[in-house]
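Following: one structure in structure tokens, then a few remarks.
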Amino acid sequence: MSMFKKVILIGATGSIGSVVLAALEKEPSFTITLIQRASSKAKMPVHFKTITVPDSYPTDELIPAFEGHDVVINCMTSFSVADQFRIIDAAIAAGIRRYVPSEYGLNYMRQDAQALNQVFNDKGKIQEYLRAKAQAGVIEWMSIACGMWIRWSMANDFLGMHIGERRFVFWDDGEGYFSCTTEENSAQGLVKALLVAGTDRDVYKNTVIYLSDFAITQKQLLEAIERIQGVKYTTESINSSDLIAEKQAAVAAGDIKATFALIETGFVTGRYGGHLEKEGEIQNDKLHLPKNTLDEVVEAALKAYGTI
Ligand SMILES: NC(=O)c1ccc[n+]([C@@H]2O[C@H](COP(=O)([O-])OP(=O)(O)OC[C@H]3O[C@@H](n4cnc5c(N)ncnc54)[C@H](OP(=O)(O)O)[C@@H]3O)[C@@H](O)[C@H]2O)c1
Ligand SMILES: *[C@@H]1O[C@H](CO)[C@@H](O)[C@H](O)[C@H]1NC(C)=O
């Protein structure tokens, strides 16, 4: 019998939150409560209890919302992850047993990753905060490192893909390795780990859960896209050191959106902990996640994009 039954989900209609909600919903042992910001325009699924909180996620309003629950799963948007200091404080005050931070990326404990951009830094500081609280024995945590989602990346012109223009941008030689997991396997990995941890609290306790369907290079990604789509792309190459200097200067001058290119660089070069096979033990097999090949994932993403 799982000890984790009552689950809070933050960001339930987002890119990954919606997939996590679908995976949670398939497990009858979970009772799910959603947290939504007051200004949110998202249509929450009506068959769940939804609690509305002020946009800043104030601790004192979250405590009563969290009380009586076992787990908080956070799927909030990248630029808000530092709000989790207040959310974690509320989770501890409300007696939440396990907290899952909004990460879903790479190894944010790496100093080089934290130095690359603000989002990686915030995620790293949040994990450090959780580690300290776990050390003090007041909460447990686990996080998901899943590398990149190819479907999401295709829709958001990430990883060098510009599908609409049939254009591809390589970072340097395009030979850096980065890990990828589908959105579905990332969500299922999280839910299955929660079920395991709910039965044996020492498994997946206070740790990063590394997931990877495969690690690839940009060159391999483009090769698969061109072959499956049956077209040739124009290619160009950018110098990653120059790009980092340029984008960090832009962020310093107030252009927050330049952070996206720094996030992308963090993954695609493979130099900042995005090649997860080098960062920790991959858990896909232990969690019995379905296997996906690069071709299958690229084909499904091109279909979702409406290209094939
Ligand atoms: N591995 C990958 O390829 C990949 C790709 C993208 C994102 N990620 C990571 O996955 C996590 C979730 O990202 P996502 O893209 O799924 O998030 P998203 O769709 O952009 O947003 C998810 C939810 O965040 C909540 N939120 C909280 N503060 C917000 C604010 N100030 N503005 C807008 N929304 C806010 C909203 O919930 P309500 O409206 O319900 O309040 C929103 O629906 C992040 O940690 C992100 O870095 C990973
Ligand atoms: C990128 O540019 C820097 C100078 O800004 C140079 O030292 C480096 O060799 C270049 N890297 C590649 C891969 O061309």
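Both ligands and their constituent atoms are indexed starting at 1 by order of listing.
Considering backbone and side-chain N/O of N239, one or more are found under 3.5 Å from N/O of ligand 2. In terms of N/O distances under 3.5 Å, ligand 1 is not approached by Q36. Residue K123 has at least one nitrogen or oxygen atom sitting less than 3.5 Å from a nitrogen or oxygen atom of ligand 1, judged on distance alone. Between V119 and ligand 1, not a single N/O pair is under 3.5 Å apart. For ligand 1, the polar-atom distance check against Y104 finds a nitrogen or oxygen pair separated by under 3.5 Å. Every N/O-N/O distance between W152 and ligand 1 stays at or above 3.5 Å.
There is a protein heavy atom less than 4.0 angstrom from atom 2 (O) of ligand 2. Of the protein's heavy atoms, none falls inside 4.0 Å of atom 7 (O) of ligand 2.
Note that the CD1 atom of I263 and the NZ atom of K123 stand 7.0 Å from one another [nearest 0.5 Å]. Between the CD atom in Q248 and the CG atom in N117 there is a gap of 8.0 Å [rounded to 0.5 Å]. With values rounded to the nearest 0.5 angstrom, R98 atom CZ is found 7.5 Å from L194 atom CG. If you take CG on L221 and CD1 on I216, they are separated by 4.5 Å, rounding to the nearest 0.5 Å. Between atom CG of residue L289 and atom CD1 of residue I282 there is a gap of 11.0 Å, rounded to the nearest 0.5 Å.
Checking G17, S15, S153 against atom 15 (O) of ligand 1, the nearest heavy atom belongs to S15. Closest heavy-atom approach to atom 45 (O) of ligand 1 among the candidates S102, G274, A12: S102. Among S56, A42, G147, the residue whose heavy atom sits closest to atom 1 (N) of ligand 1 is G147. Selection from M76, E183, K43, R37 by nearest heavy atom to atom 13 (O) of ligand 1 gives M76.
The aromatic ring centroids of F260 and F79 lie less than 6.0 Å from each other.
Atoms of ligand 1 lying under 4.0 Å from any heavy atom of T13, numbered from 1 in the order shown and given with element: 43 (O). The S80 neighbourhood of ligand 1 comprises atoms 28 (N), 29 (C), 30 (C), 31 (N), with distances under 4.0 Å to a heavy atom of that residue. Numbered from 1 in the order shown, with element, the atoms of ligand 1 that lie under 4.0 Å from a heavy atom of S40 read 38 (P), 39 (O), 40 (O), 41 (O).
The protein atom (non-hydrogen) at minimum distance from atom 23 (C) of ligand 1 is G11 CA, 3.7 Å. With hydrogens left out, the protein atom closest to atom 4 (C) of ligand 2 is D242 OD1, 3.7 Å, a heavy atom.
E25 and H47 form a side-chain donor-acceptor contact under 3.5 Å, judged by distance and modelled atom types alone.
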